[in-house]
Structures are given as C-alpha cells and as structure tokens.
Amino acid sequence: MLYNFDTHDDRLAAAALVLYAAYKSRDRRRFAVSTDMWDRIERFVKDAAKRSRTLPAFVEALKPRLCCGSISPRWLSADPFDAACERRGTEFLSHLLERHDGAAVVRKAYDETACVVLLVRDRLEREKPVESNSNDAINVKESV
C-alpha cells in the first residue's frame with residue numbers, strides 16, 4: 001500500500017496520487033459526477049501524459065481538463081482526513097517530486113492509464129464511509 005493506493009509500484013502510486021489530488025480539488029459545479037465521467041478522465045490522463053515530459057507539466061496539463069483551479073494540499077496526503085497531514089501537504093508534494101523520476105511517472109501514467117484510474121476509484125470507494133462519518137460530525141457540530 002503506497003500513498004493509500006493498493007499497489008507496490010512507486011511510479012503507479014505517484015501517478016494515481018496526482019490524479020486523485022486533481023480530482024478531489026476540482027470545481028464540482030463545473031466538473032460534476034456523470035455516467036461517462038471516468039471514461040473522460042481516462043482520456044484526460046492519457047492526453048495529459050502524452051503531451052508532458054515532466055511531472056509538473058503533467059499536473060499543469062491535467063488540471064484544466066478536470067476543472068481544477070489549484071490542487072489543495074489536503075488531498076496530497078496519505079490520509080486526507082488527518083489535520084496534521086493537511087498541514088504537511090506542500091512538503092509531501094515536494095517530496096513526491098524529489099523522490100520520483102517525473103518522466104518515468106508520466107510514462108507510467110500514459111502506459112497504464114486504466115490502472116491509474118482504477119487505483120483512484122478504489123481509494124475513493126474505500127474513503128466513502130470515512131467521508132460520510134466526517135460529514136455527519138460536521139452536521140452535528142453545526143446544529144448545536
């Protein structure tokens with residue numbers, strides 16, 4: 001398990017983390033959930049990876065396609081519901097860029113796009129119970 005994705009491949013996990021962070025940081029009004037959303041995301045990842053040589057270029061190419069103005073550091077942590085991890089988010093991104101060969105991560109995103117998307121979808125499904133619990137706790141605090 002790397003970056004909370006069910007894989008042991010560093011490059012695959014790094015590509016999935018970039019997609020996950022961009023997806024979670026998107027403008028939900030402009031890029032809403034739809035029946036063909038994941039098909040579109042797969043095409044967006046493949047296209048962004050095809051046109052990029054570095055990891056920062058990949059991020060920049062992917063963000064507009066997902067209607068993501070800026071990536072929130074919260075979504076770059078292994079546990080986004082941990083407040084301490086949210087504060088370390090920017091450090092985590094620089095660590096990600098230093099630790100991995102960006103060109104190899106982008107190549108992996110291009111060659112194994114479906115796997116990257118599946119890893120993100122798996123993590124999102126595993127986080128659903130956590131999100132609903134945290135939303136319930138917020139609603140209780142607001143009503144008091």
Side-chain angles (χ1 to χ4, degrees), residues 1-139 141:
M1 189 76 76
L2 293 171
Y3 306 131
N4 208 14
F5 295 106
D6 192 12
T7 183
H8 294 292
D9 186 335
D10 280 349
R11 294 174 183 152
L12 196 60
L17 181 63
V18 169
L19 174 58
Y20 172 83
Y23 173 80
K24 292 294 275 188
S25 300
R26 77 193 189 285
D27 181 353
R28 292 170 192 237
R29 289 170 291 164
R30 291 178 55 213
F31 192 84
V33 174
S34 64
T35 55
D36 70 334
M37 177 184 72
W38 290 107
D39 294 334
R40 291 174 31 214
I41 289 173
E42 237 180 272
R43 287 193 314 271
F44 296 159
V45 170
K46 179 82 73 180
D47 187 50
K50 184 177 189 177
R51 300 174 191 284
S52 305
R53 297 200 186 279
T54 64
L55 195 52
F58 176 64
V59 172
E60 288 301 319
L62 188 59
K63 283 179 13 186
R65 289 175 173 88
L66 292 176
C67 299
C68 172
S70 64
I71 293 180
S72 171
R74 172 183 184 182
W75 305 117
L76 289 167
S77 64
D79 183 4
F81 301 102
D82 178 14
C85 285
E86 184 175 344
R87 287 191 300 273
R88 293 190 308 263
T90 52
E91 297 168 10
F92 193 82
L93 179 60
S94 61
H95 174 71
L96 181 73
L97 293 172
E98 291 171 3
R99 181 174 178 197
H100 298 286
D101 173 20
V105 172
V106 172
R107 235 181 356 265
K108 185 66 90 167
Y110 181 77
D111 293 340
E112 299 182 29
T113 307
C115 191
V116 170
V117 171
L118 286 173
L119 286 172
V120 171
R121 291 182 74 176
D122 174 61
R123 179 172 171 178
L124 290 169
E125 285 297 318
R126 283 185 281 121
E127 288 176 352
K128 273 186 180 177
V130 175
E131 284 181 4
S132 64
N133 289 341
S134 65
N135 287 339
D136 291 343
I138 291 169
N139 292 337
K141 286 180 184 178

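- Taking OG1 of T113 as the start and CG of L118 as the end, the distance is 11.0 Å to the nearest 0.5 Å.
- Considering CG of D9 and NZ of K108, their distance stands at 4.0 Å, rounded to 0.5 Å.
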Please output the side-chain donor-acceptor pairs of residues 48-69 that fall under 3.5 Å, not counting sequence neighbours, one pair per line with the distance.
from	atom 1	to	atom 2	distance (Å)
R51	NE	D47	OD1	2.7
R51	NE	D47	OD2	3.3
R51	NH2	D47	OD1	3.1
S52	OG	A48	O	2.6
S52	OG	A57	O	3.4
S52	OG	F58	N	3.4
T54	OG1	A57	N	3.2
R65	NE	D47	OD2	3.2
R65	NH1	A61	O	2.5
R65	NH2	D47	OD2	2.4

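- Nearest heavy-atom pair across E42 and V117 is CG-CG2, 3.7 Å.
- The structure places CZ of R26 at 7.0 Å from CD1 of I41, a figure rounded to the nearest 0.5 Å.
- For the atom pair CZ of R123 and OG1 of T7, the computed distance is 13.0 Å after rounding to the nearest 0.5 Å.
- Between I71 and A21, the closest heavy-atom pair is CG2-CB, 3.7 Å.
- Closest of all the heavy-atom pairs between F5 and L119 is CD2-O, 3.5 Å.
- Closest of all the heavy-atom pairs between V105 and R11 is CG1-O, 3.9 Å.
- Rounded to the nearest 0.5 Å, atoms CG (D101) and CG (D10) are 12.0 Å apart.
- Y20 contributes atom OH, which lies 15.0 Å from atom OH of Y3 (distance to the nearest 0.5 angstrom).
- Between D122 and R126 there is a salt bridge, with a side-chain nitrogen of the basic residue lying less than 4.0 Å from a carboxylate oxygen of the acidic one.
- Considering only heavy atoms from C-beta on, W75 stays 4.5 Å or farther from L17 through its side chain.
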Contacts table for residues 29-38: side-chain donor-acceptor under 3.5 angstrom, sequence neighbours left out:
from	atom 1	to	atom 2	distance (Å)
S34	OG	D36	OD1	2.9
S34	OG	M37	N	3.4

